[in-house]
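The next block holds one structure in the form of structure tokens; read it before the comments.
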Amino acid sequence: LTVTAEPTLTSEGNLVTIKWVCNKGHKVRFGKTLLKGSSRVDHDTVLNMLALKEGKLWTKNRLQLGYLRLKQLDVFKQIRMYPAQGVGANSRDVVVYLQDDEPFELRTRIGFQQVSKNFALKKGSTYKVGGTLLWRNPTYHADLLRFDVDATRFERKIDGAYSVPCRLPIPVVATFKGYGNRYTQPLAAGSRKTLYKVTQEGILANFTSQTRHTSTAFTAGFEWMETKDISHELAAAINFKADLISKKIPYFFLEPSIFVDLLDNKMNPKKGLFFAASLKGMFPLKTNAYSVKMLVEKGMFFPLMKNSDIICGARIRFGHIFKETFSKIMPPERFYLGGANSLRGYLPDSCPPLGTFTDDKGAIQRVPQGGKSMVNMNLELRIPLAKQFDWVVFQDFGVLVEDIQSLSHGNNNLASTGFGIRYQTSIGPLRFDIGWKWKKPFPEDAGYAWFLTFGHAF
């Protein structure tokens with residue numbers, strides 16, 4: 001709306017009265033989109049991503065969404081949007097100033113993570129190093145070519161991706177990716193012995209559409225997965241079919257997903273909610289078997305009392321794998337609980353069900369089997385301590401089973417209680433958490449676990 005307000009002054013003796021006459025005016029609509037600046041990006045591509053169609057009702061939200069879409073392309077150094085001078089009878093033009101970012105960029109990263117059942121830093125720690133090479137706008141269509149390499153003690157990831165906006169009725173970004181990952185699952189947290197190794201190699205195409213609060217995506221591709229370096233005894237312990245060991249299985253997959261973000265702040269939310277859901281269908285190329293993996297997650301935040309700085313947070317997740325028998329599910333595709341982002345009284349992936357085997361010394365060892373169905377709930381109170389420090393009290397619950405019919409059995413229920421400290425940095429909170437189990441599944445288990453990492457649990 002074009003709103004005008006004019007004052008009218010009246011005086012009676014020593015009394016002066018101001019009367020404002022407000023005119024709501026008429027509805028303003030988008031006019032032309034004028035591109036300025038020093039950008040070599042194709043103009044039609046920019047206009048398609050902005051989606052500020054001439055004649056549409058002028059709203060601040062449409063401007064913000066257009067800005068967000070351009071920013072997420074990661075090809076512009078500077079983006080400015082403002083209305084053109086002067087207001088027409090029914091429309092207003094939009095000026096978009098763009099400046100291209102440097103065409104080539106090399107990013108490096110280094111980090112450290114500690115996960116432990118005791119306070120000995122030698123066990124459960126890993127370095128994290130990586131790098132990214134970017135080539136922006138190689139064809140002048142706001143496209144991006146990137147190569148990523150990341151490594152820890154347990155994992156190696158290498159992938160190359162090419163992203164480009166599509167000229168469709170709605171703004172969509174297409175990403176084509178090739179990747180090769182290798183993961184080593186340790187026999188136990190902090191152990192240098194290997195339970196199994198997994199390699200994943202594949203190609204995929206992803207199509208993503210972004211609105212103000214919602215991101216929807218559809219991914220399709222081919223992947224070759226192999227589980228190797230595991231003995232028949234260990235395969236039996238994790239309930240994995242022995243004839244799948246060291247067998248590279250090709251399959252085609254489809255995965256639609258949606259993410260709804262209604263949070264007031266992505267890094268440190270104080271109120272709002274989020275919702276995520278995905279459905280991944282996996283179809284092996286050499287057999288008639290198939291499986292569908294579903295994962296649904298919802299979280300919310302709100303002040304403990306009106307105008308309070310103490311924030312309550314809650315999240316619930318549910319996952320299930322349809323069709324495939326459990327022993328044929330590749331270990332990386334199973335659900336696991338335990339760790340810094342699920343049940344914080346347990347080490348990563350160490351929640352029951354657990355398999356057992358006898359090691360070379362004749363001792364009984366336990367290893368994670370994973371589950372076909374999973375439920376996880378996390379509750380937190382986030383309490384400010386000082387300018388950059390927060391204190392957190394949390395309660396975690398979880399159920400992990402190989403058969404969904406077992407979800408209702410009380411002996412599958414897991415829980416842990418604990419507290420943590422957050423130090424707010426420019427890249428997110430540095431987090432220390434320590435949690436205690438409500439009950440130990442086995443007498444030799446440690447009663448607690450602690451974690452040092454970046455980012456909130458949810």
Side-chain angles (χ1 to χ4, degrees), residues 61 65 68 206 208-219 254-281 292-306 308 310-322 333-346 348-349 351 370-383 390 392-401 404 406-408 412-418 420 422 428-429 431 433 435 451 453-458:
N61 291 338
L65 180 57
L68 177 64
N206 170 273
T208 303
S209 177
Q210 178 80 38
T211 64
R212 184 186 178 195
H213 297 296
T214 304
S215 176
T216 55
F218 181 80
T219 305
L254 298 169
E255 184 176 13
S257 61
I258 184 171
F259 180 74
V260 180
D261 183 353
L262 297 173
L263 301 175
D264 62 335
N265 185 295
K266 289 181 174 59
M267 191 174 294
N268 285 295
K270 296 184 181 298
K271 62 180 179 180
L273 59 88
F274 68 89
F275 172 82
S278 64
L279 196 66
K280 183 179 181 181
V292 178
K293 183 177 182 180
M294 178 186 69
L295 181 62
V296 179
E297 179 177 355
K298 183 179 180 180
M300 62 185 302
F301 301 89
F302 55 91
L304 182 62
M305 295 179 290
K306 188 176 181 180
S308 173
I310 301 176
I311 305 302
C312 302
R315 179 188 68 170
I316 186 167
R317 297 188 299 151
F318 171 74
H320 179 67
I321 300 175
F322 296 89
E333 294 294 339
R334 299 174 179 181
F335 292 108
Y336 295 89
L337 286 178
N341 297 306
S342 60
L343 267 73
R344 283 165 278 186
Y346 294 81
D349 303 341
C351 287
K372 192 177 180 180
S373 301
M374 174 272 296
V375 178
N376 178 210
M377 177 181 287
N378 306 97
L379 305 174
E380 284 192 352
L381 275 181
R382 301 177 180 179
I383 307 168
D390 294 330
V392 171
V393 180
F394 62 81
Q395 177 61 60
D396 301 332
F397 300 96
V399 181
L400 185 68
V401 294
I404 193 171
S406 304
L407 281 176
S408 59
N412 295 317
N413 298 335
L414 304 170
S416 62
T417 305
R422 310 287 185 268
R431 170 163 62 107
D433 280 337
F451 309 89
T453 187
F454 268 100
H456 286 294
F458 61 94

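Keep in mind that this is a model prediction, so the values were computed, not measured.
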- Query: Can you check side-chain contact (heavy atoms from CB on, under 4.5 Å) on Asp396 and Tyr346, steps first, answer last?
  - Reply: CA-CA 10 Å; Asp396 301 332; Tyr346 294 81; over 6 Å; no

Spacing of [atom1] belonging to [X] relative to [atom2] belonging to [Y], to within rounding of 0.5 Å:
{"X": "Thr219", "Y": "Leu254", "atom1": "OG1", "atom2": "CG", "value": "9.5 Å"}
{"X": "Gln395", "Y": "Leu381", "atom1": "CD", "atom2": "CG", "value": "11.0 Å"}
{"X": "Met294", "Y": "Phe322", "atom1": "CE", "atom2": "CZ", "value": "4.5 Å"}
{"X": "Asn378", "Y": "Leu343", "atom1": "CG", "atom2": "CG", "value": "7.0 Å"}
{"X": "Ile316", "Y": "Met377", "atom1": "CD1", "atom2": "CE", "value": "4.0 Å"}

- Sequence neighbours excluded - salt bridge (Lys or Arg N to Asp or Glu O under 4.0 Å) pairs with any residue from residues 370-379: none

- Message: Enumerate the salt bridge (Lys or Arg N to Asp or Glu O under 4.0 Å) contacts for residues 257-270, please, sequence neighbours excluded, ordered by first and then second residue.
- Response: Asp261-Lys266

- Message: Taking side-chain contact (heavy atoms from CB on, under 4.5 Å) as the definition, give me every residue that meets it alongside Asp390, ordered by chain and number, with sequence neighbours left out.
- Response: Pro384, Arg422, Gln424

- Under the side-chain contact (heavy atoms from CB on, under 4.5 Å) test, which residues partner Val260, sequence neighbours left out? Thr214, Ile258, Leu262, Phe275

What are the two closest non-hydrogen atoms of [X] and [Y], and how far apart are they?
{"X": "Leu400", "Y": "Tyr336", "value": "CD2-CA, 4.2 Å"}
{"X": "Leu279", "Y": "Pro256", "value": "O-CD, 2.9 Å"}
{"X": "Pro429", "Y": "Met267", "value": "CD-CG, 4.4 Å"}
{"X": "Ala457", "Y": "Ala340", "value": "CB-O, 3.7 Å"}

Could you tell me which residues satisfy side chain to side chain donor-acceptor pair (under 3.5 Å) with [X], sequence neighbours excluded, listed by chain and number?
{"X": "Asn265", "value": "none"}
{"X": "Arg317", "value": "Asn376"}
{"X": "Gln210", "value": "none"}
{"X": "Arg382", "value": "Glu380"}

- Task: Run the ring-centre check on Phe301 versus Phe458 and record whether the distance is less than 6.0 Å.
- Result: yes

- Identify, with sequence neighbours excluded, every residue that meets ring-ring contact (aromatic ring centres under 6.0 Å, His included) alongside Phe397. Trp438

- Task: Sequence neighbours left out, what passes ring-ring contact (aromatic ring centres under 6.0 Å, His included) with Phe259? Give chain and number order.
- Result: none

- Can a cation-pi geometry be assigned to Lys298 and Phe318, taking NZ or CZ under 6.0 Å from the six-membered ring centre and within 45° of the ring axis? no

- Task: Would you sort out whether Thr216 and Ser257 count as a side-chain contact (heavy atoms from CB on, under 4.5 Å), showing the intermediate values?
- Result: CA-CA 6 Å; Thr216 55; Ser257 61; over 6 Å; no

- Query: With sequence neighbours left out, what residues match Lys280 under salt bridge (Lys or Arg N to Asp or Glu O under 4.0 Å)?
  - Reply: Glu333

- Would you please name every residue forming a salt bridge (Lys or Arg N to Asp or Glu O under 4.0 Å) with Arg315, sequence neighbours left out? Glu297

